[in-house]
Q: 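Take a look at this one; I'll ask things after.
Chain A is the first sequence line, chain B the second, and so forth, proteins listed ahead of strands; every chain is numbered from 1. Please read these numbers as outputs of a predicted model, since none were measured by experiment.
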2 protein chains.
Amino acid sequence: MPIYQKIKEALEASIADGVYPIGERLPPEITLAKQFKVSRETIRSAIKLLEQESKVFVRHGVGTFVVNPLPSLPNSLENLMSVTSMLMHAGLEDGERREKLHKEVPTDEWKELLQLKPNEDVIVHERIRTANNEPVVFSKNVLSSKLVGEHILNKKKIGSLFQYLKEVHQIEIDKASTEIIVPLHTDPNCQKLLIHPATTVLLLKQIHYDLHNKPVLFSLDYFRNDIFKFFISRIRS
Amino acid sequence: MPIYQKIKEALEASIADGVYPIGERLPPEITLAKQFKVSRETIRSAIKLLEQESKVFVRHGVGTFVVNPLPSLPNSLENLMSVTSMLMHAGLEDGERREKLHKEVPTDEWKELLQLKPNEDVIVHERIRTANNEPVVFSKNVLSSKLVGEHILNKKKIGSLFQYLKEVHQIEIDKASTEIIVPLHTDPNCQKLLIHPATTVLLLKQIHYDLHNKPVLFSLDYFRNDIFKFFISRIRS
DNA sequence: CAGTGGTCTAGACCACCGC
DNA sequence: CGGTGGTCTAGACCACTGC
């Protein structure tokens with residue numbers, strides 16, 4: 001682990017221990033550099049990390065100040081994870097009921113979003129995830145059939161698509177552009193989850209990209225909002 | 001503007017002009033340093049900015065590569081802005097109908113979230129925002145009355161609460177922790193917006209913080225999802 | 001092995017802030 | 001004005017990757 005990482009954690013620990021109380025100023029960078037016996041730039045790298053995590057607040061010409069710790073948000077939405085991972089994080093066993101898995105001619109929307117070539121077909125995969133035999137998520141996934149081949153059509157159970165793409169095709173999903181939607185109750189996909197009167201459903205419409213920002217996977221994920229909670233940290237730009 | 005910022009923009013322009021095509025490698029850092037007649041660290045600062053915006057993809061020991069540009073998301077949720085700003089961005093005139101503005105004894109939830117002292121009262125402000133005389137947003141705001149004083153109770157129209165807090169109290173709202181919720185149709189606040197059959201409502205339950213992460217404002221904002229769209233960029237951590 | 005990015009240094013000068 | 005953080009340099013060595 002690089003030195004600036006260690007210093008960052010040391011400073012974090014000092015803050016937690018009350019050596020530098022909330023609202024107080026940290027020692028100036030030069031002083032810290034002498035204390036840790038490193039150059040000033042190394043200290044600055046450590047402080048930059050703390051600043052990004054909003055643990056300190058830096059004011060040019062004044063100093064670096066310890067701020068109030070923010071409450072930790074569980075499962076923040078800006079952290080991309082597969083539905084399978086979300087189920088595990090929520091402590092739910094992952095039952096799976098397949099509804100559809102076949103090749104299709106893509107819609108115009110899919111063509112555009114997945115940057116498909118003319119005459120390129122797609123694989124469409126729909127399934128319901130269950131916990132205690134109750135449906136909790138409905139997912140529709142769309143992939144280029146050229147990308148994943150048609151071998152996938154013979155698979156009995158796929159599990160995490162993210163993991164499948166990584167292990168079988170060395171495609172690493174890294175980012176997603178997501179629209180957050182409240183579906184109508186008349187949406188047939190939504191209705192699959194509306195079992196209890198106190199249930200509401202949130203829809204994530206997502207395009208997933210690999211490390212090179214190539215669009216790989218289009219998905220519609222319907223989540224029961226009485227089971228899953230969604231958080232996000234927002235910052236003024 | 002610092003040099004590394006200029007270099008970042010110069011590289012961005014070169015990428016846009018096709019000097020460095022998508023998928024290709026940028027020249028090594030040392031080469032760029034010579035080209036721009038700066039030190040290598042300055043080049044690295046520029047590249048770090050490009051990497052954060054996911055314009056390039058850096059691989060240790062290999063090189064820095066230009067990636068596919070991501071589609072720009074309008075109004076990404078991770079950018080915090082006031083409801084007033086959201087209305088303006090959506091091209092809507094901001095009509096305002098006050099429903100409530102008075103002092104109250106806080107609930108236990110508000111006490112905890114706003115870190116109130118015992119016996120500290122709160123100001124509760126509820127209003128409906130309209131566009132073309134139709135309701136589009138319902139907001140409930142809760143603030144410590146000690147923080148903003150009771151002078152606010154005499155205000156006829158408040159407009160942007162963010163702006164009010166900044167101008168009157170020099171309190172700059174900088175971050176928020178937000179829960180994204182699909183409310184039940186039976187929620188009375190939700191019902192104020194359910195006018196058309198094709199309308200759905202999204203609720204943002206937010207705690208707003210100032211620069212020192214002090215909780216300043218608790219709010220419930222109900223948005224008509226047929227009027228507002230919500231996006232977010234997600235990254236694998 | 002050669003070439004690349006990742007870290008670190010010691011020192012310099014500048015920009016900003018409060019007194 | 002003195003003290004702080006912001007930028008920049010020239011050079012060094014290390015860690016990773018592909019040949």
Q: Can you tell which of C:dC8, D:dG5, C:dG5 lies closest to the side chain of B:V58?
A: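 Within the option list, the nearest is C:dG5.
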
Q: So which nucleotide from C:dC17, D:dG6, C:dG6 ends up closest to the side chain of A:V62?
A: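 For A:V62, the side-chain atoms sit closest to C:dC17.
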
Q: At under 4.0 Å between heavy atoms, what does A:R59 touch on the DNA or RNA strands: base, sugar-phosphate, or nothing?
A: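 Since only primed, P, OP1 and OP2 atoms lie under 4.0 Å of A:R59, the category is sugar-phosphate.
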
Q: Please report the distance, rounded to the nearest Å, between CZ in B:R40 and C1' in D:dT7.
A: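 Those two atoms, CZ and C1', are 17 Å apart.
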
Q: What contact category does A:T64 fall into here, base, sugar-phosphate, or nothing, at under 4.0 angstrom with non-hydrogen atoms?
A: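 Sugar-phosphate, backbone atoms only, no base.
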
Q: Is there a donor-acceptor pair closer than 3.5 Å between any side-chain N or O of A:R234 and the backbone N or O of B:L77?
A: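 Yes; at least one donor-acceptor contact below 3.5 Å.
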
Q: If you count the non-hydrogen atoms of other residues, nucleotides and ligands that lie under 6.0 Å from CG in A:D17, is the total more than 12?
A: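 It does: A:D17 CG has more than 12 such atoms within range.
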
Q: Is any side-chain nitrogen or oxygen of A:Y4 closer than 4.0 Å to OP1 or OP2 of C:dC8?
A: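 For C:dC8, OP1/OP2 do not have a side-chain N/O of A:Y4 under 4.0 Å.
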
Q: Ring centres of A:F65 and B:H212 under 6.0 Å apart?
A: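 Centroid separation for A:F65 and B:H212: 6.0 Å or greater.
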
Q: Consider the side chain of A:S39, meaning its heavy atoms from C-beta on, and name the nucleotide among C:dT7, C:dC8, D:dT4 that approaches it most closely.
A: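 Among C:dT7, C:dC8, D:dT4, the one nearest the side chain of A:S39 is C:dC8.
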
Q: What nucleotide, of C:dG5, C:dA15, C:dG11, holds the atom closest to the side chain of A:E41?
A: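 Nearest to the side chain of A:E41 among the choices is C:dG11.
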
Q: What is the nucleic acid contact for A:I30, judged by heavy atoms within less than 4.0 Å: base, sugar-phosphate only, or nothing?
A: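 Touches nothing.
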
Q: I want to verify a distance call: between C:dG5, C:dT9, D:dG6, whose nearest atom is closest to the A:T42 side chain?
A: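 It is C:dT9.
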
